[in-house]
There are 2 protein chains.
Amino acid sequence: MAPARTSPDLSFLLDHTSHVLRTRMTAALAEIGLTTRMHCVLVHALEEERTQIQLAELGDMDKTTMVVTVDALEKAGLAERRPSSTDRRARIIAVTAEGASLAHRSQQIVDQVHEDALASLPADEREVLLRALGRLVTGHLETPAEAPRAARRARQAS
Amino acid sequence: MAPARTSPDLSFLLDHTSHVLRTRMTAALAEIGLTTRMHCVLVHALEEERTQIQLAELGDMDKTTMVVTVDALEKAGLAERRPSSTDRRARIIAVTAEGASLAHRSQQIVDQVHEDALASLPADEREVLLRALGRLVTGHLETPAEAPRAARRARQAS
DNA sequence: TATTGTTATACTCTATAACTATA
DNA sequence: TATAGTTATAGAGTATAACAATA
């Protein structure tokens with residue numbers, strides 16, 4: 001969508017670049033059978049022992065979305081749910097050997113997709129682009145505006 | 001979602017900035033009763049006589065999405081469907097006086113939201129940011145990667 | 001036969017609600 | 001009472017299919 005065309009259209013530029021980059025990333029990771037989320041969970045779960053909730057927060061996902069993602073990782077043999085030794089409600093996500101190996105490859109793919117995009121820019125622009133975006137992310141564009149969320153009916157009895 | 005954290009994470013930077021900017025834009029336009037799409041259609045329809053299909057292409061929307069958007073504009077008294085004089089299948093989207101006035105205000109709002117974001121950057125970074133994003137949009141990140149589209153069942157008879 | 005606009009609806013995605021087990 | 005994880009499903013958003021009118 002191209003909202004307008006008057007002033008330098010920052011919305012269009014950011015929407016388009018992020019959308020296209022995301023399709024590239026999705027396609028590249030799909031070649032090794034991963035979604036972006038699976039990659040994200042694998043990488044964070046490898047760093048240290050983490051529960052589903054912790055991984056959900058790191059990846060900015062809902063806990064119910066995390067259930068689906070971990071289901072997919074387990075089904076693919078890339079990770080396992082293990083009981084936490086300290087909290088019997090919680091599950092530690094343990095990455096399998098195969099999962100660790102794939103996470104290594106997927107991180108290379110992610111880096112490569114980013115590099116490919118950045119390599120198309122002059123070195124000085126590349127540097128400033130990252131700095132400026134970083135400034136926005138930690139500054140003026142840090143926090144989303146409130147979106148009015150619709151209330152929801154109770155669930156139907158089954 | 002924060003896909004990774006190794007190299008400078010262009011995906012995260014672009015996703016986050018575009019997402020937050022979009023929530024700002026949505027909230028700002030909602031104050032005058034418009035969605036981003038309604039604004040987009042109004043502005044393009046004001047430029048010259050255009051059919052729904054033409055407006056859909058300009059805004060990168062599906063024609064069925066355009067139907068809904070034009071319905072909303074008509075309901076709000078901001079635009080009307082008029083028969084094309086040259087093609088009896090087509091409808092020209094005519095902006096009403098009220099619609100034109102609101103489009104003027106909405107364009108100011110859009111510009112202001114962009115300005116607010118850009119004003120938080122040093123002037124030199126601002127300029128390079130726009131140039132670099134523009135380069136990506138017309139260059140390496142011009143075209144989305146193909147997404148495998150799921151086939152769909154035929155419609156149920158009603 | 002192809003295209004414009006329309007309606008109906010299938011599908012995806014995501015999050016809410018409700019529940020179980022445990023803290 | 002509150003939290004981790006799960007299941008079921010509501011709801012938004014969007015696109016496909018089919019169709020009528022016209023080219």
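As the structure is a prediction and not an experimental result, all values here were calculated from the model.
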Undergrad: Select from V68(A) and I53(B) the residue whose nearest nucleotide in DNA chain C is closer to the 5' end of that strand.
TA: I53(B)
Undergrad: Can you tell me if H39(A) and S106(A) form a side-chain donor-acceptor pair at under 3.5 Å?
TA: yes
Undergrad: Can you tell me how far C1' of dA15(C) sits from CE of M66(A), to the nearest Å?
TA: 14 Å
Undergrad: Do I32(A) and V113(A) belong to the same hydrophobic cluster, where Ile, Leu, Val, Met, Phe, Trp and Tyr are linked whenever their side-chain heavy atoms lie under 4.5 Å apart, directly or via other members?
TA: yes
Undergrad: Can you find a heavy atom in the side chain of R91(B) that is under 4.5 Å from one in the side chain of R82(B)?
TA: no
Undergrad: Determine, for nucleotides 16-23 of chain D in 5'-to-3' order, which nucleotides have protein heavy atoms under 4.0 Å from the base (write B), from only the sugar-phosphate (write S), or from neither (write -).
TA: BBB--BBS
Undergrad: Quick one: L55(A) CG to dG5(D) C1', roughly how many Å, whole number?
TA: 13 Å
Undergrad: Would you say that L10(A) contacts L133(B) through its side chain, given a criterion of any heavy-atom pair below 4.5 Å between the two side chains?
TA: yes
Undergrad: Indicate whether OP1 or OP2 belonging to dT6(C) is found under 4.0 Å from a side-chain N or O atom of Q52(B).
TA: yes
Undergrad: Could you give the CZ-to-P distance, from R91(A) to dA21(C), as a whole number of Å?
TA: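 The distance from CZ of R91(A) to P of dA21(C) comes to 12 Å, rounded to the nearest Å.
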Undergrad: Would you kindly give the NE2-to-C1' distance between H19(A) and dT14(D), to the nearest whole Å?
TA: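 These atoms are roughly 13 Å apart.
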Undergrad: Counting the atoms with a prime plus P, OP1 and OP2 as sugar-phosphate, which does T51(B) contact under 4.0 Å by heavy atoms, base, sugar-phosphate, or nothing?
TA: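 Sugar-phosphate: the residue T51(B), judged by heavy atoms under 4.0 Å, touches backbone atoms but no base.
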Undergrad: Between P on dG13(D) and CG on D71(B), what's the gap in Å once rounded to a whole number?
TA: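 From D71(B) CG to dG13(D) P: 15 Å.
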Undergrad: Quick one: does E47(B)'s side chain get under 4.5 Å of H44(B)'s, heavy atoms only?
TA: yes
Undergrad: Pairs under 3.5 angstrom only: tabulate donor-acceptor contacts from the side chains of residues 92-105 of chain A to other protein residues two or more places apart or in another chain.
TA:
{"from": "T96(A)", "atom 1": "OG1", "to": "G77(A)", "atom 2": "O", "distance (Å)": "2.8"}
{"from": "T96(A)", "atom 1": "OG1", "to": "L78(A)", "atom 2": "O", "distance (Å)": "3.2"}
{"from": "T96(A)", "atom 1": "OG1", "to": "E98(A)", "atom 2": "N", "distance (Å)": "3.4"}
{"from": "T96(A)", "atom 1": "OG1", "to": "G99(A)", "atom 2": "N", "distance (Å)": "2.9"}

Undergrad: Can you tell me how far C1' of dT4(C) sits from CD1 of I93(B), to the nearest Å?
TA: 11 Å
Undergrad: Can you tell me the distance, in whole Å, between the CZ atom of R22(A) and the C1' atom of dC13(C)?
TA: 12 Å
Undergrad: Rounding to a whole Å, what distance do you find between R81(B):CZ and dT4(C):C1'?
TA: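 Checked: the CZ to C1' distance equals 12 Å.
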Undergrad: Would you say the side chain of H140(A) lies within less than 4.5 Å of the side chain of R24(B), judging by non-hydrogen atoms?
TA: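 Of all side-chain heavy-atom pairs linking H140(A) with R24(B), at least one is under 4.5 Å.
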